[in-house]
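In what follows, a structure is listed as structure tokens, so that the remarks can point back to it.
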2 protein chains.
Amino acid sequence: MASSARRGPYICGIDAAMDVVSGKWKSLILWELDSHGTRRFGELKRSLPGVSEKMLIQHLREMEEDGLIHRKVFREVPPRVEYSLTEHGKTLNEALRPLGAWGKERIERLAREGTLAT
Amino acid sequence: MASSARRGPYICGIDAAMDVVSGKWKSLILWELDSHGTRRFGELKRSLPGVSEKMLIQHLREMEEDGLIHRKVFREVPPRVEYSLTEHGKTLNEALRPLGAWGKERIERLAREGTLAT
DNA sequence: CGGCATCCGACCGGATACTG
DNA sequence: CAGTATCCGGTCGGATGCCG
């Protein structure tokens, strides 16, 4: 399986949480689903400029397996699949909020100091 | 330079924060330094079972470059180097706390449900 | 003691092509 | 539309050996 999550023995809480959100786009997916409530595969793809379908689906599957998101398939033609956050996903997003705020401040500080790499 | 951090243009705060803490041991280093205030290289190494010297020093250097930790060299024989958190490192650790709590709950839930991979 | 240099395997993630 | 399959390169990270 192309699973990157360890789901293994964890040293501490941070370790376990990082395991679940590590992956280039996962936090962005969380963010996106939290903002819009529900998103289709294509919408998600368009929301994350630069993501490949492979990585997107891989991340989505892992996040589903981790109980963070829900995948609802509509047996229609053309096919439709909607992704949304589970309760765990929502609480994770809440837990991520302070980190996001910290990062935001960091971005602003870097911009002010002109330390941003060219 | 063997730098894994992008320090590049960020999409959002989470993105910027994840950039700084991604790396197998960084959050643990943060945790360790926060608990003990100051740690020598060898102590840190012993605190993180399984870490290689290469990764430890690499992470420490990146975290120093990112302004998260302070490196103090004592010109003695034998040499001594002490690492400690900067103010930014401390605030990052604070921002990480909810995530750690979330992860801790996740570990407990996994244990209860016996879902932990063998 | 506290590093640095080098080699190397694993896997993370991108590009492309194909399918129901 | 929403994937799957395959190939492939770059990087992450471990092992080993050497140095001030």
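Sequence lines set the chain letters: A, B, ... in the order given, protein chains first and strands last, and positions in each chain run from 1. Hydrogens, waters and symmetry mates play no part in the numbers below; they use all other heavy atoms, side chains included.
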So what does [X] hit on the nucleic acid, given a heavy-atom distance under 4.0 Å: a base, only sugar-phosphate, or nothing?
| X | value |
| --- | --- |
| B:R61 | sugar-phosphate |
| A:Y83 | sugar-phosphate |
| A:R71 | sugar-phosphate |

Heavy atoms only: give me the nearest [X]-[Y] pair and the separation to one decimal.
| X | Y | result |
| --- | --- | --- |
| A:I107 | B:C12 | CD1-O, 3.8 Å |
| A:E43 | A:T38 | OE1-O, 4.3 Å |
| A:S84 | A:G37 | CB-O, 3.4 Å |
| A:W102 | B:A95 | CB-CB, 3.8 Å |
| B:T86 | B:H70 | CG2-N, 3.8 Å |

Tell me the interatomic distance from [X], atom [atom1], to [N], atom [atom2], rounded to whole angstroms.
| X | N | atom1 | atom2 | result |
| --- | --- | --- | --- | --- |
| A:H59 | C:dC12 | NE2 | P | 9 Å |
| A:L60 | C:dG13 | CG | P | 14 Å |
| A:Q58 | C:dG13 | CD | P | 8 Å |
| B:L56 | C:dG3 | CG | C1' | 10 Å |
| A:I57 | C:dG13 | CD1 | P | 16 Å |
| A:K72 | D:dA2 | NZ | P | 15 Å |
| A:L44 | D:dG3 | CG | C1' | 14 Å |
| A:E64 | D:dG3 | CD | C1' | 13 Å |

inquiry  = With the threshold set at under 4.0 Å for non-hydrogen atoms, list the residues of residues 29-41 of chain A touching DNA chain C in residue-number order.
reply    = none

query = Is any side-chain N of the basic residue among A:K104 and A:E108 closer than 4.0 Å to the acidic one's carboxylate O?
reply = yes

Residues B:E94, B:K90: salt bridge by 4.0 Å N-O rule = no

Are any non-hydrogen side-chain atoms of [X] and [Y] less than 4.5 angstrom apart?
| X | Y | value |
| --- | --- | --- |
| A:L110 | A:R106 | yes |
| B:K24 | B:M55 | no |
| B:R71 | B:V73 | yes |

Short heteroatom pairs, N/O only, protein and nucleotides 14-20 of chain D, under 3.5 Å:
unit_1 : atom_1 : unit_2 : atom_2 : d
D:dG14 : OP1    : B:K24  : NZ     : 3.2
D:dG14 : O6     : B:K54  : NZ     : 2.0

query = Looking at five pairs on each end of the helix from C:dC1-D:dG20 to C:dG20-D:dC1, what is the angle between the two axes, given to 10 degrees?
reply = 50°

remark   = Value for CG (A:L30) from CG (A:L92), rounded to nearest 0.5 Å, stands at 5.0 Å

